[in-house]
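Accompanying notes for the structure given below.
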Amino acid sequence: MREDGLTEYTYSFKIAEAKASRNGEIRFGDEEGYNSYLTITVSQKNPNPVYANFTSEAGMVDALGYEYMWPGPWISSEKTGGKGYEVIETGITASELELSDYSGAITVVDGLGVFPELASLSISYMNRTTTIDVSDCLKLADLSLSGVGSLSELKLGKSLVEEVEIGASYLGTSAESLVVSGENLKSFTANSNGSSYAKDNLKTLDVTGCPDLTRLDAVREVNQERRH
């Protein structure tokens, strides 16, 4: 006990090594957790950081750098000079991602190859997105697409995706052509929703860039007219 009657305590904390940059907090408060008396911010920096860059920068950064994203943001919210957005620990370790864009800010989905463990990707409510490029996502095996009525190019590249079904958009299809390419794609489905209220402008579907494709299902049905 000190001369002024206060008791000093010494606390020691052991923090595990980080796989990438990350920030955290140590909070001191009452046992009930209602009051916080002291907060210590802990920051661990990656000496060899990886940076992400996107064509639709604003929209992708909003989606991947969102503070309350579960289990946490994948990238830093601010750009590091001209290098890009640093991939933080969640982005290095996470294997699943759900990507949506209600604002229409994302016209191109790309740059996801910097997330090395990404194996499952769900893209929805992106009716202004024209290009989806996951050709550099080498562990990606599961891809779900819905609400992508403006999509005109899907690049799967060397990803492990073998089957893709584009869910019908309630707004219909505005793109007149769709080019699909992927070294491992075996099955592709792109049926319309058959609604007389949904437009269907798709006229051509090019899958010549899919050498292993064995199944193609693309029934377009609008106003009772079926096109195969």
Side-chain angles (χ1 to χ4, degrees), residues 18-24 44 46 49-80 83-169 178 180-190:
K19 294 185 178 181
S21 297
R22 65 179 179 183
N23 296 317
Q44 294 173 282
N46 185 355
V50 176
Y51 297 98
N53 288 281
F54 312 101
T55 301
S56 296
E57 183 175 297
M60 292 292 285
V61 171
D62 282 346
L64 295 169
Y66 182 53
E67 180 181 0
Y68 300 105
M69 180 180 177
W70 176 259
W74 289 36
I75 58 174
S76 61
S77 58
E78 296 182 0
K79 202 169 188 177
T80 305
K83 297 180 180 180
Y85 297 85
E86 185 177 351
V87 180
I88 56 182
E89 188 172 45
T90 308
I92 293 292
T93 60
S95 60
E96 299 180 3
L97 175 62
E98 294 183 1
L99 201 59
S100 300
D101 176 34
Y102 296 93
S103 67
I106 300 177
T107 57
V108 177
V109 174
D110 63 359
L112 298 179
V114 294
F115 306 120
E117 299 301 320
L118 182 61
S120 178
L121 174 62
S122 174
I123 295 177
S124 60
Y125 300 104
M126 287 195 172
N127 279 295
R128 290 192 61 192
T129 300
T130 59
T131 302
I132 296 176
D133 184 353
V134 293
S135 57
D136 53 354
C137 300
L138 302 184
K139 287 190 177 182
L140 184 67
D142 181 30
L143 177 62
S144 173
L145 303 176
S146 63
V148 288
S150 297
L151 186 65
S152 60
E153 188 170 20
L154 174 61
K155 298 180 180 179
L156 301 175
K158 295 180 179 295
S159 69
L160 303 178
V161 176
E162 296 184 356
E163 181 178 352
V164 172
E165 178 176 356
I166 299 182
S169 171
L178 174 59
V180 182
S181 59
E183 294 186 11
N184 297 305
L185 186 66
K186 293 179 172 58
S187 175
F188 183 73
T189 301

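What you are looking at is a predicted structure, and each value in this text was computed from that prediction instead of being measured. For the single chain, residues carry numbers from 1 onward in sequence order. Side chains included, hydrogens not; waters and symmetry mates left out as well; all remaining heavy atoms used.
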Donor-acceptor pairs under 3.5 Å, side chain of residues 115-123 to any protein atom, not counting sequence neighbours: which ones?
residue : atom : partner : partner atom : Å
Glu117  : OE1  : Lys139  : NZ           : 3.1
Glu117  : OE2  : Lys139  : NZ           : 3.2
Ser120  : OG   : Asp142  : OD2          : 3.1

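Nearest heavy atom pair, residue Pro49 against residue Glu86, reads CB-OE2, 3.5 Å. Closest of all the heavy-atom pairs between Tyr85 and Ser77 is CE2-O, 4.0 Å.
Here the straight-line distance linking atom CD of Glu183 with atom CG of Leu160 works out to 10.5 Å at 0.5 Å rounding. Considering OG1 of Thr93 and CD1 of Ile88, their distance stands at 9.5 Å, rounded to 0.5 Å. Taking CG from Leu151 and CG from Asn127, the interatomic distance works out to 10.5 Å, rounded to the nearest 0.5 Å. To the nearest 0.5 Å, the span separating SG on Cys137 from NZ on Lys158 amounts to 14.0 Å. In this structure, the separation between OG1 on Thr90 and CG on Leu97 is 11.5 Å, given to the nearest 0.5 Å.
Under the 4.5 Å side-chain criterion, counting only non-hydrogen atoms from C-beta, Lys155 is not in contact with Asp110. The side-chain heavy atoms of Asn53 and Lys79, taken from C-beta on, include a pair separated by under 4.5 Å. For the pair Phe54 and Val108, the minimum side-chain heavy-atom distance is 4.5 Å or more. The shortest distance between side-chain heavy atoms of Met60 and Leu99 falls below 4.5 Å.
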Inset, instruction - Decide yes or no on side-chain contact (heavy atoms from CB on, under 4.5 Å) for Ile166 and Leu178, but give the supporting numbers first. - result: CA-CA 11 Å; Ile166 299 182; Leu178 174 59; 4.0 Å; yes
Inset, instruction - May I have the step-by-step check of side-chain contact (heavy atoms from CB on, under 4.5 Å) for Val164 and Leu156, ending in yes or no? - result: CA-CA 10 Å; Val164 172; Leu156 301 175; 4.2 Å; yes
Inset, instruction - Run the numbers on Ser124 and Ser146 for side chain to side chain donor-acceptor pair (under 3.5 Å), then give the verdict. - result: CA-CA 5 Å; Ser124 60; Ser146 63; 4.7 Å; no
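For Ser100 (side chain) and Tyr125 (main-chain N/O), no donor-acceptor pair under 3.5 Å exists by modelled atom type.
Applying the 6.0 Å contact sphere to NZ of Lys186 captures more than 12 heavy atoms from other residues, nucleotides or ligands.
Partners of Asn184 by side-chain hydrogen bond (donor to acceptor under 3.5 Å, both in side chains), not counting sequence neighbours: none found. The salt bridge (charged side-chain N to carboxylate O under 4.0 Å, His left out) search around Glu163 returns none, not counting sequence neighbours. Listed by chain and number, the residues in a side chain to side chain contact (heavy atoms under 4.5 Å, CB included) with Thr80 are Tyr51 (sequence neighbours excluded). Listed by chain and residue number, Asp101, Ala105 satisfy the side chain to side chain contact (heavy atoms under 4.5 Å, CB included) test with Ser103 (two or more places apart in sequence, or in another chain). For Ser152, there are no side-chain hydrogen bond (donor to acceptor under 3.5 Å, both in side chains) partners two or more places apart in sequence or in a different chain.
Among the candidates Thr107, Asp62, Val109, Val61, the single residue satisfying the side-chain contact (heavy atoms from CB on, under 4.5 Å) test with Ser56 is Thr107.
Side-chain contact of Asp133 with Ser135: a donor-acceptor pair under 3.5 Å is present, judged by distance alone.
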